[in-house]
Amino acid sequence: MNIMTTHESPNFGRRASDIRGRICGLILHDTGPGRLEGVLSWLCDPKSQVSYHYVVSRSGSIYQLVPDEARAWHAGRAIWHGLPADVNGLSIGVALHSSGADEELFGYMEAQISACIKLVKSLVETYQIPVYDVCGHRDVAWPRGRKVDPCDLFPWARIVKEHT
Ligand SMILES: [Zn+2]
């Protein structure tokens, strides 16, 4: 798997040094609208205060913006297993270059999904993340409904199939 490190984001902090800082989940996102170069630049701009560990382009290229061991800023206010939690502190954030179901970047591309599946597989194996802790931003954002990504077209069944 070829991971590009051409874009490094300053938008991250430290994970907790104890058990609470252990990577135990993976959160999937859509990046939102805009061309790839603009999206990557924004995520690397300190003004945005947003980052993901990885962005998967529509052609299947994977960009790493933040090292896994750092706490990226992707989930915001969130709950984990029903309780308020520092989801950024315990997870890896992976975003697909997409803006949802009804905009310029409609849905997902096959090359993008296969790259995403490979990346998720590798992260799940590296950090021993249970498949039920691979979630969408929409599943953890609080209050409920605050986020709707990834959009309804995301093929969850393929992610699950890969890990069961
Ligand atoms: Zn998101």
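Counting begins at 1 with the first residue of the sequence. Both counts, for ligands and for their atoms, begin at 1 and track the order of listing.
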Side-chain atoms of residues 31-38: list all donor-acceptor pairs with protein atoms under 3.5 Å, sequence neighbours left out, distances to 0.1 Å.
{"from": "Thr31", "atom 1": "OG1", "to": "Ser98", "atom 2": "N", "distance (Å)": "3.3"}
{"from": "Thr31", "atom 1": "OG1", "to": "Ser98", "atom 2": "O", "distance (Å)": "3.4"}
{"from": "Glu37", "atom 1": "OE2", "to": "His7", "atom 2": "NE2", "distance (Å)": "3.0"}

* To do: Identify, with sequence neighbours excluded, every residue that meets salt bridge (charged side-chain N to carboxylate O under 4.0 Å, His left out) alongside Arg158.
  => Glu110
* Under the salt bridge (charged side-chain N to carboxylate O under 4.0 Å, His left out) test, residues paired with Lys118 that sit two or more places apart -> none
* To do: Under 2.8 Å from the Zn ion (ligand 1), which protein N, O or S atoms are there? Could you list them by chain and number?
  => His29 ND1, His137 ND1, Asp149 OD2
* Closest approach of Pro150 and Gly136, non-hydrogen atoms and distance? -> CD-CA, 3.6 Å
* **Modelled atom types, side-chain donor and acceptor of His81 and Asp133, under 3.5 Å** => yes
* Check whether any side-chain heavy atom of Leu119 lies under 4.5 Å from a side-chain heavy atom of His53, and answer yes or no. => no
